[in-house]
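Naming convention: chains lettered A, B, ... in sequence-line order (proteins, then strands); numbering from 1 in each chain.
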There are 2 protein chains.
Amino acid sequence: MGRKRTKSGKIRLAEVAELAGVSPITASRFFRNPEALSVAKRTRVESAARELGYVPNLAARALASQRTEVIGVLIPSLTNNVFSDVLRGIYDASEGSRYSIQLSNTRYSILQEEKLLRLFLAQKPAGLIVTGIDQTTESRAMLEAADCPIVQIMEIGPNPVDMMIGFSHYDAARAAIAHLFAQGHRKIGFVGARMDPRVQRRLDGYVSAMKDAGLFEQRLVVTTATPTSVTLGGALFTDLLARQPGIDAVFCANDDLALGVLFECRRREIAVPEQIAIVGFNDLEFMASAVPTLTSVRTNRYEMGNTAATMLIEAIDGRRPEQPVLDLGFKVIERQSSSSRRSDGRPAASGAGAANKMIALPNGQD
Amino acid sequence: MGRKRTKSGKIRLAEVAELAGVSPITASRFFRNPEALSVAKRTRVESAARELGYVPNLAARALASQRTEVIGVLIPSLTNNVFSDVLRGIYDASEGSRYSIQLSNTRYSILQEEKLLRLFLAQKPAGLIVTGIDQTTESRAMLEAADCPIVQIMEIGPNPVDMMIGFSHYDAARAAIAHLFAQGHRKIGFVGARMDPRVQRRLDGYVSAMKDAGLFEQRLVVTTATPTSVTLGGALFTDLLARQPGIDAVFCANDDLALGVLFECRRREIAVPEQIAIVGFNDLEFMASAVPTLTSVRTNRYEMGNTAATMLIEAIDGRRPEQPVLDLGFKVIERQSSSSRRSDGRPAASGAGAANKMIALPNGQD
DNA sequence: GTCGTTGCTGGTAGCGCTGTCAACGATCCT
DNA sequence: AGGATCGTTGACAGCGCTACCAGCAACGAC
């Protein structure tokens, strides 16, 4: 009775404590570290909270404890299918935990990333997930100075800020080219769009593989800074054909481009794989049902996001992983579009680091 | 000097106020309503804040003001391309504003939605964006009791909770079928997956159009609760063919299914559109570059999200839109897959409500 | 028996900001 | 000229929670 209620009529921690017959601070502890309470008080607080329908006020908690329960996520794109899989993994992992996700889109700009980073850091996030390893020096400094766990995702490189999870785009591209070599292809073109750092490294892998074989020619490479799309794949392939009519295979920096190339081949009545082989990157769901089915390099996108968030949360809660850098690997999924035998979908080359576990990608799961 | 600094070394509002030679509350006002200050103090506070690199503490603000600057967004899926476009629109609109987006995934479950809604509402969001019009009665009650603006997106229906933006899936499906009728098709199958309420209403539209023409047969409809995918499109189409070998057109509840149907036709050497016409739904980017190009019903997904967030922010700031329910319409984009003349891509039927402005969809923009 | 030590509990004092109200001078109206 | 009104500013008192430290009982070691 004597208690004044907040104007919103909300239940406060004090009410719960009163009903449970304990002090507010004890009730508070129940929500943060139940083990610290005696069993008797624990059950009393629990039932009192349930009875009143108590929901903690996160703003008050954040203010008092000087830290938030927010995980900041910086990704370069919301459109790209690749990131929606990663994101789904992150959100799934965060569910059930007490952390919430704060997402921001850098639009492939490291300057924008720096700005957002500054914004995030000012709110003292519990943890941070950032895409890639190409931060500005300023961003890098901020990340290193940050007093929260950080995971870099999407690729593996030297000098992790903290934790890191991804795979080598360079090696993956080399594996794709090796597969094409194995199928007897020699004049292999490269088609790439957007040309963000990861696509760039795929190009580097392609170039090195081709050079190793003494087959590299600059004219085999067609790229653009334009955002990727299926239509663009067709257009870039058209360019490539004009420059190098004699090519016998195309390695596409992603699957949308590969699909565009496939359609363009159909339009031009170029037989795939007899005249031109096609290899994509990411192994999106549609690759397996295209006609012909399309070879691609499978990447563990969902698992990348999911593991990153899981590791981050563990680290926040003080259980740092014994293995802070995790290589999730990749796998060349050989399908009809690059098979001289027109076999269907059995795995070919597989590259990986320490932890190359291939899990079923729950594509289109929800 | 006498000022004690917070242990984190952070700049507080009080420091800014001191440097500017004003009271803390005046400095506070500068950040919330600069117009209320005299020009002199305004510039003083502004330069002081910049000099110190002040960043407001959002938790403290939220606690003191009893409201957050968070917009809650409830969507049923993170995978579906449709929602990634909507989300991009929402994030783009929220950028620059002082509101941040809190996203949650209901996984197509209205019970999960109810749970998340309760969670969100407890934190007093500044506004809420929810998907669709099929909430539980409990959710509905909570939404109506909420003291923040709310936008329902993705479809239009009776009794909006507050604001509403979308289009009629029923009418859109009817328009698609009308287009197929106009092209001379009669035995039109329906292929649908997931069967969420919006897909269900597309089916209803299909059924009513077919019944109006006296052409409806239950065996023409193949649906599943399974999540949608390209591969599934092929499988469902295979089912449909087995049940109704004589069909001359297929209306797919989304574009992934349509692509799967196209591939399956190619696999079976069924000529499109000569033997079977295909119409999809949403007009994703790849529809225009498939071979043959695929007819689809274009929906304004990016604009839906963008306008919803913009309207919501305006409403939060006290400027309620004169038109709380906005029909963004749709447009049947006729392409080769359903054209008896094999024409390419000129618009056919177009259905809409009040505001059927067709904007260029910035597909794959970032 | 005294002195830690451990396990649990509570009191106090803020966290950094804003709502509310009051005060003040300037301006306006009759 | 007097009062009302407006625009601008500041003092005060929290918002709901937790960090910190102190207290207290139970227990074991010497």
Side-chain angles (χ1 to χ4, degrees), chain A residues 3-45 48-49 52-70 98 122-124 126 147, chain B residues 3-45 48-49 52-70 98 122-124 126 147:
Chain A
R3 286 230 150 274
K4 64 167 179 279
R5 297 291 288 274
T6 163
K7 62 209 71 170
S8 61
K10 274 272 190 49
I11 307 299
R12 295 193 314 262
L13 188 58
E15 268 96 2
V16 176
E18 193 181 42
L19 180 60
V22 300
S23 72
I25 188 67
T26 299
S28 167
R29 268 191 278 263
F30 168 76
F31 292 100
R32 291 173 295 148
N33 184 19
E35 281 77 43
L37 299 202
S38 64
V39 182
K41 306 231 167 182
R42 200 186 307 172
T43 51
R44 292 236 301 283
V45 175
L52 296 171
Y54 171 71
V55 180
N57 180 321
L58 300 183
R61 177 178 291 178
L63 180 59
S65 67
Q66 294 281 62
R67 57 197 160 69
T68 59
E69 289 174 345
V70 169
R98 66 178 187 287
Q123 301 306 327
K124 291 181 171 281
D147 64 343
Chain B
R3 285 232 150 272
K4 65 165 180 281
R5 298 289 290 274
T6 164
K7 63 211 69 171
S8 61
K10 274 271 191 49
I11 305 299
R12 296 194 312 264
L13 188 57
E15 268 95 0
V16 176
E18 195 182 41
L19 180 61
V22 300
S23 71
I25 188 67
T26 299
S28 166
R29 268 191 278 263
F30 168 76
F31 293 99
R32 292 174 293 149
N33 184 17
E35 280 77 43
L37 300 202
S38 64
V39 181
K41 306 229 167 184
R42 199 185 309 170
T43 51
R44 292 237 301 283
V45 175
L52 296 171
Y54 172 71
V55 181
N57 180 322
L58 299 183
R61 177 179 288 177
L63 180 59
S65 67
Q66 295 279 64
R67 57 196 162 70
T68 60
E69 289 175 345
V70 169
R98 68 176 186 286
Q123 301 305 328
K124 294 182 170 281
D147 64 344

Q: Write down the distance between CG (A/Asn57) and P (C/dC15), rounded to a whole number of angstrom.
A: 18 Å
Q: Please identify each residue that fulfils salt bridge (Lys or Arg N to Asp or Glu O under 4.0 Å) with A/Arg67, with sequence neighbours left out.
A: none
Q | For atom CZ of A/Phe31 and atom C1' of D/dT18, their distance in whole Å | A | 13 Å
**Q.** Residues forming a side chain to side chain contact (heavy atoms under 4.5 Å, CB included) with A/Ala59, sequence neighbours excluded
**A.** A/Asn57, B/Ala62, B/Leu63
Q | Selection from C/dG19, D/dT18, D/dG16 that lies nearest to any side-chain heavy atom of A/Arg61 | A | D/dT18
Q.
Can you measure B/Glu35 atom CD to D/dC6 atom C1' for me and round it to whole angstrom units?
A. 17 Å
Q: State which residues pass side-chain hydrogen bond (donor to acceptor under 3.5 Å, both in side chains) with A/Thr68; sequence neighbours excluded, sorted by chain then number.
A: none
Q: Have a look at A/Phe30 and say if it touches a base, only the backbone sugar-phosphate, or nothing, with a 4.0 Å heavy-atom cut-off.
A: nothing
Distances under 3.5 Å between nitrogen or oxygen atoms of protein and nucleotides 22-28 of chain C:
none

Q | Residues in side chain to side chain contact (heavy atoms under 4.5 Å, CB included) contact with B/Ala64, at least two apart in sequence or another chain | A | none
Q) Closer to the 5' end of DNA chain D via nearest nucleotide, is it B/Ala64 or A/Arg32? A) B/Ala64
Q | Qualifying salt bridge (charged side-chain N to carboxylate O under 4.0 Å, His left out) pairs, either residue in residues 53-64 of chain B, two or more places apart | A | B/Arg61-B/Glu69
If you restrict it to nitrogen or oxygen atoms, what contacts under 3.5 Å exist between nucleotides 9-12 of chain D and the protein, and what is each distance?
unit_1, atom_1, unit_2, atom_2, d
D/dT9, OP1, B/Ser38, OG, 2.7
D/dT9, OP2, B/Ser38, N, 3.1
D/dG10, OP2, B/Ser23, N, 3.1
D/dG10, OP2, B/Ser23, OG, 3.0
D/dG10, OP2, B/Thr26, OG1, 2.4
D/dG10, O5', B/Ser23, OG, 3.4
D/dG10, N7, B/Arg29, NH2, 2.7

(Q) In this structure, how many angstroms lie between the C1' atom of D/dC17 and the CZ atom of A/Arg12, rounded? (A) 11 Å
Q) End-to-end bend of the helix from C/dG1-D/dC30 to C/dT30-D/dA1 (five-pair axes, 10° rounding)? A) 30°
Q: Indicate, with a heavy-atom threshold strictly under 4.0 Å, whether B/Arg67 touches base, sugar-phosphate, or nothing.
A: sugar-phosphate
**Q.** Summary of side chain to side chain donor-acceptor pair (under 3.5 Å) pairs that have at least one residue in residues 26-38 of chain B, sequence neighbours excluded
**A.** B/Ser23-B/Thr26, B/Ser28-B/Arg32
